[in-house]
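To find a chain, count down the sequence lines: A is the first, B the second, and so on, and within it residues start at 1. What you see below is based on every heavy atom in this structure, not just the backbone, and it leaves out hydrogens, waters and symmetry mates.
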Protein chains: 2
Amino acid sequence: MSNLKATLPVRRPRLADVASAAGVSTMTVVRVLREPAKVALATRARVEQVIRDIGYVPDLIARGLASNRSGMIAAVIPVLTNSLIAEIMQGLTDTVVPQGFHLLLGASGFSSTEEESLVRAFLSRRVDAIYLSGVGHTAETVKMLQRAGIPVVEGGNLTDDPIDMVVGFSNVAASRAITHYLIGRRYRSIGYIGAFPGNNDRARDRRLGYELAMKRAHRAVDPRLCVETTLDIDSGARAIATLLDRRPDVRAVYCSADALAVGALYECQRRGRSIPDDIAIAGFDDIPIAGQVVPALTTIRVPRYDIGRRAGKMLCDRLAGRRVRSRIVDAGFELVPRASA
Amino acid sequence: MSNLKATLPVRRPRLADVASAAGVSTMTVVRVLREPAKVALATRARVEQVIRDIGYVPDLIARGLASNRSGMIAAVIPVLTNSLIAEIMQGLTDTVVPQGFHLLLGASGFSSTEEESLVRAFLSRRVDAIYLSGVGHTAETVKMLQRAGIPVVEGGNLTDDPIDMVVGFSNVAASRAITHYLIGRRYRSIGYIGAFPGNNDRARDRRLGYELAMKRAHRAVDPRLCVETTLDIDSGARAIATLLDRRPDVRAVYCSADALAVGALYECQRRGRSIPDDIAIAGFDDIPIAGQVVPALTTIRVPRYDIGRRAGKMLCDRLAGRRVRSRIVDAGFELVPRASA
DNA sequence: CGGAAAAATGATAGCGCTAACATGTAAGCG
DNA sequence: CGCTTACATGTTAGCGCTATCATTTTTCCG
């Protein structure tokens with residue numbers, strides 16, 4: 001507020017100001033702030049009064065420089081506008097903030113070089129720990145992280161070989177499970193609609209799960225049965241149109257995201273195809289709308305918020321010097337059978 | 001990565017290490033990093049080589065302490081798991097990161113005292129600017145922000161009297177507009193379903209807009225026609241059930257969030273009520289699903305991402321010493337008439 | 001009540017960087 | 001060729017806090 005600057009030329013009070021006003025040394029003020037039990041009651045009361053009176057607020061930048069710990073945890077995610085990621089972040093922040101950490105957030109837009117540059121910048125800020133979305137990163141990112149020697153959690157997807165720790169669910173296994181479910185329901189020709197794999201390990205793994213399940217059941221994976229597109233409702237509608245065009249005999253479609261599934265479902269209805277009688281549809285994520293559409297969507301539910309919570313807990317535990325039970329945490333998933341398949 | 005710490009006891013290189021290795025003073029290294037044009041070509045090349053060789057990364061904490069600018073912009077929002085807010089944040093981060101700032105994010109969970117404590121903590125971190133969600137804050141929050149003398153943008157909602165700057169749309173006006181639209185379509189008894197107002201100025205304003213439009217049209221505002229609930233699809237379904245129970249003659253319902261409207265829409269269909277013939281439904285937000293449900297939802301579209309962009313731009317402009325044209329920016333809204341009303 | 005242990009408090013040297021100023025060196029010109 | 005001007009580089013004193021060690025005061029007990 002530039003217009004207020006002039007009215008208030010007061011420098012913000014420092015530790016030394018509190019100290020001299022209270023007639024103690026700076027270290028005593030520090031102790032009042034950080035280990036009150038070690039200060040005599042009378043002294044403590046006096047110092048606390050002064051702190052309130054002059055409105056002292058510690059400078060966390062200076063503290064960071066002196067103590068070599070910033071009190072910040074970084075999270076690098078692809079985008080915020082994805083409910084799975086947003087809920088993980090909510091779980092993460094809800095967990096780490098009460099432990100005295102703040103969340104520094106970076107969005108890479110699914111670009112791993114952008115992720116790398118964010119990681120570099122955050123290390124430059126000396127964050128105490130890092131959460132990374134997904135398990136695919138550039139070699140340089142991994143190297144920097146290893147060299148930094150701070151706790152790292154990769155989240156969302158699962159891997160056998162994390163940089164440090166990982167918490168998530170197996171996209172491959174979940175995808176396999178729901179494809180297997182469709183196979184078990186004896187649908188002929190099962191199609192796949194998914195996100196472009198690009199730099200998105202989740203998208204890749206979900207497709208892989210579909211293919212593995214199909215192969216395991218000795219079903220051919222016809223490229224004409226597979227459509228990859230962007231992640232929104234409209235794309236789902238367009239994708240199933242393409243699919244129906246290429247293979248009119250398709251009897252079931254597994255969409256690797258509920259948004260796609262919902263779009264596909266509406267498109268089928270617009271074309272007068274009954275679900276699940278003419279064509280079955282399954283989704284992934286169990287977004288709120290999935291249980292409400294008619295027919296309700298068969299899908300996979302994953303413990304989004306919980307992934308964030310656990311990731312935050314693992315990071316805080318490590319930062320507090322506590323041992324973490326397992327470096328690899330499978331948060332699991334749940335097949336939710338509903339009417340659409 | 002505690003297991004790697006032992007292998008790499010190397011202290012991270014400092015500016016002074018680069019300087020001595022390159023045979024220059026620290027200030028020359030600083031200039032290479034920050035104003036390369038001011039350094040002779042040969043010197044610059046030599047220093048840059050050394051930086052790469054020893055893998056020097058500046059310490060932004062130390063820089064912050066010395067320069068009195070942290071390079072961080074804070075955002076305090078209620079929750080991340082709200083697509084409006086998430087998109088605003090995406091716009092904000094996409095705008096400020098290229099300008100060299102990082103986003104420090106705090107979620108208050110709709111509690112204004114929690115918001116206050118986050119603001120206090122972020123000021124403690126000496127963030128260069130702050131984005132606040134909504135326009136309702138505790139007196140202490142406002143006071144701290146004024147005293148801090150940094151640029152502040154309040155976003156989402158609009159107010160005549162911002163702490164510093166504000167960018168958003170008028171929830172009152174938008175709510176009024178859509179209610180007015182329903183009145184113009186000659187629906188008798190128009191109901192309202194909204195979020196609990198609690199500490200949520202948006203929810204309050206949306207209800208206010210409904211009431212103003214009704215009064216302007218000389219319609220009574222019957223409390224039995226108004227239901228307030230939590231913000232999800234299920235709640236929308238339950239709310240309209242309550243409404244139909246209390247006032248079976250209700251002919252149109254304005255839901256102050258699309259999630260509620262979608263829930264209401266499905267509930268009506270389950271009860272065999274045709275939309276819009278038996279009962280019309282209007283929403284707010286134009287979430288992706290709104291255009292896809294059958295019938296598609298009449299709703300209000302707001303420039304979410306753009307609000308974030310503009311907020312970020314205003315903050316960066318101010319931080320760069322540029323003048324901001326207007327402290328109050330109305331990003332507007334758009335009535336989207338569709339089949340549901 | 002003397003002396004040791006425990007409790008309370010203090011002095012000081014940085015953390016790694018930048019702002020402000022100082023100095024040195026090359027280019028321009030009558 | 002001396003003098004000014006611009007360019008290139010260097011010196012120094014902190015920023016506000018914490019870690020470490022040193023010192024003083026209180027408590028306890030034979």
R126(B) side chain to A62(A) main-chain N or O, any donor-acceptor pair under 3.5 Å? no
Mind checking which nucleotides bracket the chain B contacts on DNA chain D, 5' to 3', with an atom under 4.0 Å from a heavy atom? dA8(D) to dG16(D)
Do NZ/NE/NH1/NH2 and the carboxylate oxygens of R325(A) and D317(A) come within less than 4.0 Å? no
Nearest-nucleotide wise, let me know which of A37(B) and L33(A) is further upstream toward the 5' end of DNA chain D. A37(B)
Indicate, with a heavy-atom threshold strictly under 4.0 Å, whether R31(A) touches base, sugar-phosphate, or nothing. base
Can you check the R63(B) CZ to dT18(C) C1' distance for me, whole Å? 9 Å
With the threshold set at 4.0 Å, does a side-chain nitrogen-carboxylate oxygen contact exist between R14(A) and D59(A)? no
Residues E48(A), R52(A); criterion salt bridge (charged side-chain N to carboxylate O under 4.0 Å, His left out); working and verdict: CA-CA 6 Å; E48(A) 279 168 344; R52(A) 269 191 303 272; 5.3 Å; no
Given DNA chain D, 5'-ward residue of the pair M27(A) and R14(A), judged by closest heavy atom: R14(A)
Roughly, in whole Å, what's the span from CZ in R126(B) to C1' in dT18(C)? 14 Å
Residue-phosphate contact under 4.0 Å: S25(A) side-chain N/O, dG10(C) OP1/OP2: yes
What does D59(B) touch in the nucleic acid at a heavy-atom separation under 4.0 angstrom: a base, only the sugar-phosphate, or nothing? sugar-phosphate
Do the charged groups of D94(B) and R309(B) touch, with an N to O distance under 4.0 Å? no
Looking at CG of L145(A) and CD1 of I150(A), how far apart are the two atoms once the value is rounded to the nearest 0.5 Å? 6.0 Å
According to a strict under-4.0 Å criterion, is T28(A) in side-chain N/O contact with OP1 or OP2 of dA8(C)? no
